[in-house]
Amino acid sequence: MNKKGAILGIVVISIIIGIAAFASSPSETYDLDMARTHGDISTAMGSPILGNPLAPITIVEFGDYQCHQCYNWFHNTKPMIMRDYIETGKANLVFVDFAFLGKDSPKASQATYCADDQGKYWEYHNSLYTSQESKIDSGWANSERLKAFAFNLDLDMALFNECLDSEKYSKRIQYNSQQARDNGVRGTPGFFIVGPDDQKQIAGAQPFSVFQRIMDSMV
Amino acid sequence: MIKTTKLVFQNFKFLFLSMIIFSSMMVVLLIISEYIFLEPYFVTHIPSGTEFGFFLITAISALSALVIPMNLFRIINLKSSKQKMSGSIVGSIVGSVAGACSCGPVGFAVISTFGSVGATATAFLTNYETPLRIIAIAILIITFFTTIKSLKIECKINFQS
């Protein structure tokens, strides 16, 4: 009888612990269009669309905030794409995180979505690529610095800190990185130019002329 | 110094080897470091801010193409020891590996295969790319001068005997 009672007690305690653990685990709920795809790629968990959402071409960029080639592309090629294609409504851009380079990479990606909660995704994204330092995991993208970038953008720091410290968007980053792997991205930056009829892959921080040639052939 | 260098490279075999080493190292390193792209189109470019990296790659390729054939000449023609050969090989390898593993396919493959150890190694090679390449150039320059010196001595001995 005592044995049965002990087993029953253990079962009841286990169930209570299980329920408590489930209830206390941070839930990740996002207000997202989970059906959003561009070509073969699910961009549902990626960035907001930069530019005209109805543009005939979408550039899907897979990137890591600690990648120096992404920095090169951001500073050398992207400004011309912005000027000739995004600002003219011919194309739009979606950034999808492929955070694999160091321990600070996923945290930096999470921070961009914490900024997105306050409507400043692209401002935060730009401040990361403007402030990137050449060394991986050197501390330039640690939690304190990520919070400092948010402070400089006048974000609500209580909301931002809570979001970042709770790792609210960790699964979103994992999902995005898996999308990169599933679509055959083998390094950053990696791009897909998705046109009305087909999509083309570009690997690496290629010059503007390559993007221009592909996009002009699609319009 | 020029006479000694000429002595090696007037032999077509060593001149040809030198050209092969230079062109293959240059092309491979430029592809890995994203100065040359083969897909979707063949394109070359030197992005702003990466000029010094391009210069270091050129210097490593040129020095390797100079030093490796000279050491092979010593070993084959003068039956010398292989000791100095290691300097040129080490210099070439250090120069090639530095910066090869960054955010491109090589770095991704290393991180995917070796996990956190690979990530640490990749971060080290990326963070210290420029100093490592400068060290490699220094090793190759030292090897070049010691090779010249030993060629002068060994050739005199050979001519005398």
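Just so we're clear, the structure is a prediction, and the values are computed from it rather than from any experiment. Residue numbering restarts at 1 for every chain, and letters A, B, ... go by the order of the sequence lines. No hydrogens, no waters, no symmetry mates; every other heavy atom, side chains included, goes into these values.
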Among A:I214, A:D64, A:I202, which has the most heavy-atom pairs under 4.5 Å with chain B?
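Highest number of pairs under 4.5 Å: A:I214.
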Are there residues of residues 130-140 of chain A that reach to under 4.5 Å of chain B by heavy atoms, and which ones?
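Under the 4.5 Å heavy-atom cut-off, A:S134, A:K135, A:I136 qualify.
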Mind checking what makes ring-ring contact (aromatic ring centres under 6.0 Å, His included) contact with A:F160, not counting sequence neighbours?
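ring-ring contact (aromatic ring centres under 6.0 Å, His included) check on A:F160 returns A:Y124.
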Just wondering, are more than 12 heavy atoms of other shown residues or ligands nearer than 6.0 Å to OH in B:Y128?
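No, because the 6.0 Å sphere around OH of B:Y128 holds 12 heavy atoms or fewer from other groups.
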Above 12 or not: heavy atoms from other molecules or residues under 6.0 Å from CD of A:E162?
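Atom CD in A:E162 is not crowded, with 12 or fewer foreign heavy atoms closer than 6.0 Å.
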Are side-chain heavy atoms of B:F37 and A:P207 found at a separation under 4.5 Å?
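Touching, per the 4.5 Å side-chain cut-off.
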Measuring from atom NZ of A:K103 to atom OG of B:S116, what distance do you get when rounded to the nearest 0.5 angstrom?
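Going from NZ on A:K103 over to OG on B:S116, the span is 12.5 Å.
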Proximal component of A:H68, with respect to chain B [non-hydrogen, under 4.5 Å]
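Both parts, heavy atoms under 4.5 Å.
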Which answer fits A:A205, side chain, backbone, both or neither, if we ask what part of it has an atom under 4.5 Å from a heavy atom of chain B?
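Both backbone and side chain.
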Does any pair with a residue in residues 79-98 of chain A pass side chain to side chain donor-acceptor pair (under 3.5 Å), and if so which ones, sequence neighbours excluded?
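Side chain to side chain donor-acceptor pair (under 3.5 Å) check on residues 79-98 of chain A returns A:T58-A:N92, A:Y85-A:D216, A:D97-A:S109, A:D97-A:Y113, A:D97-A:N176.
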I'd like to know whether B:C103 forms a disulfide bond (SG atoms under 2.5 Å apart) with A:C67, so could you lay out the CA-CA distance, the side-chain angles of the two residues, the decisive distance to 0.1 Å, and finally the verdict.
CA-CA 6 Å; B:C103 33; A:C67 164; 2.3 Å; yes
Please name the pair of heavy atoms, one in A:F98 and one in B:F108, separated by the smallest distance, quoted to 0.1 Å.
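Looking at all heavy atoms of both residues, the closest pair is CZ-CE1, 3.2 Å.
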In terms of heavy-atom proximity below 4.5 Å to chain A, should B:F124 be classed as side chain, backbone, both, or neither?
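It is neither, since no heavy atom gets under 4.5 Å.
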Which members of residues 39-51 of chain B, sorted by number, sit under 4.5 angstrom from chain A on a heavy-atom basis?
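Within residues 39-51 of chain B, the residues that come under 4.5 Å of chain A (heavy atoms only) are B:E39, B:P40, B:Y41, B:V43, B:H45, B:P47, B:S48, B:T50.
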